[in-house]
2 protein chains.
Amino acid sequence: MTTSTPHTSTHRVTLEDVAREAGVSRATASRVITGCGPSSAEARDRVIAAVKALGYIPDAAARALVGGHGFRLVVAVTGHTPSTLDDPYVDRFVASVAVTCATRGIGVSLQWLPYRDPDQVRRLAKDRSARAVLLLNATDAVLRAVPAALTGRIASIGLGSTTVPVFDVDLAGATAAMVYHLYDKGRRRIAMVSGPAWMPCVARSVETYRSLMQAGGLPFRLVRSNFTADGGKAAARTALCRWPDTDAVIAGNDAVALGIIAALRGQGRNIPGDVAVCGFDDIPFAVLSTPTLTTSTHPVERIATAATTAVLDGSWASPATYYPSQLICRESA
Amino acid sequence: MTTSTPHTSTHRVTLEDVAREAGVSRATASRVITGCGPSSAEARDRVIAAVKALGYIPDAAARALVGGHGFRLVVAVTGHTPSTLDDPYVDRFVASVAVTCATRGIGVSLQWLPYRDPDQVRRLAKDRSARAVLLLNATDAVLRAVPAALTGRIASIGLGSTTVPVFDVDLAGATAAMVYHLYDKGRRRIAMVSGPAWMPCVARSVETYRSLMQAGGLPFRLVRSNFTADGGKAAARTALCRWPDTDAVIAGNDAVALGIIAALRGQGRNIPGDVAVCGFDDIPFAVLSTPTLTTSTHPVERIATAATTAVLDGSWASPATYYPSQLICRESA
DNA sequence: ACCGGAACTGGAAGCGCTCTCACACCCGGC
DNA sequence: GCCGGGTGTGAGAGCGCTTCCAGTTCCGGT
């Protein structure tokens, strides 16, 4: 049966080779391998045997070219600085997506969009070697660039849109829970050290904080920072100078919170005695720091998996799903 | 000039359209766009204008199909558990690669290889939509699966090979520096809490530690763990039970080190008074912990960039490059 | 014996692109 | 006036695959 031509080591095994080896046509071989279209049991056996014998691996590029779409999920992360990519939230998210996709035989691409350029999004959306796109930290401008026709193939993690499904942490709720918690503990002069203003999730958090403080007749004290510990240190010094009587700080994330704690303690402040500090994300070190960090934990894996399956299968329950965050009370607040 | 046919919104703009709009053939348009092959100034202008007017974006799948290789760099991370993907070293590495590639217009794929299956590597190597592959945590078995013909397109981060270029941290040197440092501080009963045994970098670190201790006639105390803080906590308890007089611990990474510190302090040990602890990686929180963590910092960005450019350009200076790590002495040792 | 239809198969088109090749053109030199 | 060499161009092949469509076989029903 095995009429295999002696093939050189440089020759790439194509469907043609499989078909010849199995004694069927390319069309039949293709039907067997893709599993769609009718095929007799005998043809199936022979093709599968040939695939094994030859070590055939379908060419993804050719499949994408003819099939209209490929087998990769693109995770596009927005942000001017590379640190956006090295963020613990993003890292966990990407890792979860990679795991989910690995079980489905789908590749994952990580794309950095430094300039939040709508054109880049259009480019991503038109790349047929990709099957779907997940947008992280997308802004309104970026989302508007998504072609309406592609709605089903693209999802946003963290910004509302009528055409694209949204999956995100309920950061407004998380922020509110944190403010209430600090208020219950007797804190009244609560400052916020937020992340970059352009980030949609930051905007929501700040807005919640602002409206709650306003509603309670409490002072609104906002310092912009980035999402790093060094940023937190700098912000702590700024905030202290400006409002020395601050008795609580809500940091944009845990790294910032830890930076703030380090800076405050460096100035002789007692945490949480003098100033309570809390963050977001519940990174592994939140429980290891001194004092342990009060923070808010997000169901990142659930969000990532939901968004991934939704966008790959092209169906989702509601246009926007917000996952509840959970406040973790530890020593720092 | 603009003889554009009224195109529907679903129609995808192809090279054909650009050529028609510019009044040249597909071949000429292709030459202009790829920039290789002769072309007159006039043809160039007209094609470029047409590209702009039509919003043409070359189809990556078609290019990969005909060109023999695509425009993506695959970063394949080995390891049974998803946590391998969520490791700070890997995260920094991947982020650096993504940044380097973004400036070159090359996509980055993140692939998880849970079973360290050589077949998966072969599959990766044959994927022509990829231009090159970077293997993280590759084992010998995985590297042996790399087809010799693909040598130029694949690089390993962390394991020696005669056919594939290697870029890695000089972990042996880093471990040695750490052992000497502890020895200089008067520590003699030095334990090591290493990462998973299958990891090549772990093997090198353990081997260095073993041979140094042996050479100095000092006890060899090894506990295997994973790379998490919880693993470190468990390992600390094990090590303490087995060798209660241990006066120093070298942890596999900073997360483990912080876990160990937490566990030891929980048992009333003083760090570094009773036990010195140090880690590897110099994560952002190493400087924020109490006590601050003595650790070893790796030039991850340099390694990532070097490996990326080497494998994309297909040329590298030497078969194996080991980048020196730097010991950062802080309070914990 | 005949026929309609279901089940399967192979030829061939074509996805969008690159690249080889043959051709057309223009120049200066004999 | 003719030829060699350089320069620019377009027709066309073909990358590996899926899928349409027409053809073949084989079945049960009449």
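Note on naming: letters A, B, ... go to the chains in the order of the sequence lines (proteins, then strands), and numbering restarts at 1 for each one. All values below were derived from every heavy atom in this structure, side-chain atoms included, with hydrogens, water molecules and symmetry-related copies excluded.
In this structure, CG of A:D17 is placed 11 Å from C1' of D:dG16, rounded to the nearest angstrom. Atom pair B:R44:CZ and D:dT7:P shows a separation of 13 Å (rounding to whole Å applied). Atom CZ in B:R26 sits about 9 Å away from atom C1' in C:dT18, given to the nearest Å. Regarding B:L54, its CG atom lies at a distance of 15 Å from the C1' atom of C:dG16, rounded to whole Å. Here D:dC15 presents its C1' atom at 8 Å from CG of A:D59, a figure rounded to the nearest Å. The interatomic distance linking B:L15 (CG) with D:dA11 (P) rounds to 13 Å, in whole Å. One atom, CD of B:E42, and another, P of D:dG8, lie 12 Å apart when rounded to the nearest Å. Atom CD of B:E16 and atom C1' of C:dG14 are 12 Å apart (whole Å).
In this structure, A:A43 reaches the sugar-phosphate backbone alone: every heavy-atom distance under 4.0 Å involves primed, P, OP1 or OP2 atoms, never a base.
The side-chain heavy atoms of B:V97 and B:C101, taken from C-beta on, include a pair separated by under 4.5 Å. Contact annotation: the side chain of A:I57 never approaches that of A:V13 to less than 4.5 Å [non-hydrogen atoms, C-beta and beyond].
Dense packing is recorded around CZ of B:R104, with more than 12 heavy atoms of other residues, nucleotides or ligands lying under 6.0 Å away.
Using a 4.0 Å cut-off, some side-chain N or O of B:T28 falls inside it from OP1 or OP2 of D:dG10. For A:T14 and D:dG16, the shortest distance from a side-chain N or O to OP1 or OP2 is not below 4.0 Å. Side-chain nitrogen and oxygen atoms of A:S40 include at least one within less than 4.0 Å of the OP1 or OP2 phosphate oxygen of C:dT9. For D:dT18, the OP1/OP2 oxygens have no side-chain nitrogen or oxygen of A:R31 closer than 4.0 Å.
In this structure, the nucleotide among C:dG16, D:dC17, D:dT9 sitting nearest to the side chain of B:L65 is C:dG16. Checked against C:dG16, D:dC17, C:dT9, the side chain of B:R12 finds its nearest nucleotide in C:dG16. Closest to the A:S30 side chain, of the nucleotides D:dT18, C:dC17, D:dG8, is D:dT18.
A search for salt bridge (Lys or Arg N to Asp or Glu O under 4.0 Å) contacts involving B:R92 returns B:E301, not counting sequence neighbours.
Map A:T34 and B:V66 each onto its nearest nucleotide of DNA chain D; the residue landing nearer the 5' end is B:V66.
Looking at B:T308 and B:T305, their side chains never bring a donor and an acceptor atom within 3.5 Å of each other.
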